Amino acid sequence: IIGDNGAGKSSLLRLIAGLERPLGGQVRVHGDSADADRRDIARMVGLMFQNPDDQIICPTVEEELAFTLSAHGASKARAREQARDFLAACGLAHWAPRAISQLSQGQRQKVCLLALQIARPLTLLLDEPFASLDLPSQLRLGRQLLGADQQLIFSSHVLEQVCDFECVIW
């Protein structure tokens, strides 16, 4: 989804994620109403905010990923174990104890994406994921996105970021 600043891209993603309600009409996500139980919508879509500091709530990487799993019903111990296993599978086992406050903007953005991916929703909604990243961080995040198993919907106001996409909505 591409458009100027203030065009409503973030609002559309929030509607799809069920975080806002439409003033009229209906929003359907994978065939279900976005007004469904928030937990049901979270199984279908995960939203990554523009600013990772608006999304991250836990002090360490492991705890942040485990929090996502706990919210989906895993016990605290099982969630932490799965978070460590997931990080190891991503080649990031050494990140588990790292303090979020010590991470760069790009690293925090990566943690947000990992926290979405660990929950395995069908669709990832990414709100201007490259906006505050330097070029090397944009390239790393781009590679991470290319490896995602989920459908990707992301907003941008930079046409070059979506020139290779199958579908672009202005």
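In this chain, numbering begins with 1 at the start of the sequence shown. Just so it is clear, the model here is predicted, and its values are computed rather than measured.
By the 4.5 Å heavy-atom criterion applied to side chains, Leu13 and Leu126 are not counted as neighbours. In this structure the side chain of Leu114 reaches within 4.5 angstrom of the side chain of Leu92, judged on heavy atoms. Residues Asp4 and His157 fail the side-chain proximity criterion, which asks for heavy atoms closer than 4.5 Å. Residues Gln26 and Pro22 are not in side-chain contact: their nearest non-hydrogen atoms beyond the backbone lie 4.5 Å or more apart. At least one side-chain heavy atom of Leu124 sits less than 4.5 Å from a side-chain heavy atom of Leu113. Asp127 is not listed as a side-chain neighbour of Gln55, based on a closest heavy-atom distance of 4.5 Å or more. Val111 has its side chain within reach of Trp95: a pair of non-hydrogen atoms, C-beta onward, lies under 4.5 Å apart. Between Glu64 and Ile57 there is a side-chain heavy-atom pair separated by less than 4.5 Å.
Clustering ILVMFWY residues whenever any of their side-chain heavy atoms sit less than 4.5 angstrom apart, transitively, puts Ile56 in the very cluster that holds Phe86. Linking ILVMFWY side-chain heavy atoms closer than 4.5 Å, directly or via other members, places Ile100 and Leu87 in a single hydrophobic cluster. Criterion: ILVMFWY side-chain heavy atoms under 4.5 Å apart, direct or through other members. Under it, Met44 and Ile1 are part of a common hydrophobic cluster. Hydrophobic clustering, with ILVMFWY side chains joined whenever heavy atoms are under 4.5 angstrom apart, keeps Ile169 apart from Ile2. Met48 and Phe67 fall into different hydrophobic clusters, where Ile, Leu, Val, Met, Phe, Trp and Tyr residues are linked whenever their side-chain heavy atoms come under 4.5 Å apart, directly or through other members.
One N or O on the side chain of Gln138 and one on the backbone of Leu133 form a donor-acceptor pair closer than 3.5 Å.
Side-chain atoms of Gln105 and Ser137 form no donor-acceptor pair, as typed in the model, at a separation below 3.5 Å.
Electrostatic pairing of Glu81 and Arg78 counts as a salt bridge here, judged by a charged N lying under 4.0 Å from a carboxylate O.
For the atom pair CG of Asp149 and CG of Leu122, the computed distance is 11.5 Å after rounding to the nearest 0.5 Å. If you take CD on Gln82 and NE2 on His72, they are separated by 11.0 Å, rounding to the nearest 0.5 Å. For the atom pair Leu69 CG and Lys76 NZ, the distance stands at 13.5 Å (nearest 0.5 Å). Of the inter-residue distances, the one linking Cys90 atom SG with Ile118 atom CD1 reads 8.0 Å to the nearest 0.5 angstrom. Ser10 OG to Leu15 CG: the interatomic distance, rounded to the nearest 0.5 Å, is 11.0 Å. Interatomic distance, Thr60 OG1 to Leu65 CG, rounded to the nearest 0.5 Å: 9.0 Å.
In summary, of the residues considered (Arg108, Arg98, Gln107, Lys110), a side chain to side chain contact (heavy atoms under 4.5 Å, CB included) with Val61 occurs for Arg98 alone.
Scanning all heavy atoms of the two residues, the minimum distance from Asn51 to Asp53 falls at OD1-N, 2.9 Å. Residues Ala83 and Ala66 share a closest heavy-atom pair of CB-N, 3.8 Å. Listed here is the closest heavy atom pair of Arg84 and Ala96: CG-CB, 4.5 Å. Arg14 and Glu20 get closest at one heavy-atom pair: NE-OE2, 2.8 Å. Contact between Phe130 and Gly142 at its shortest, heavy atoms only, is CE2-N, 3.8 Å. Heavy atoms only, all atoms of each residue included: Pro129 and Gln109 are closest at O-NE2, 2.7 Å.
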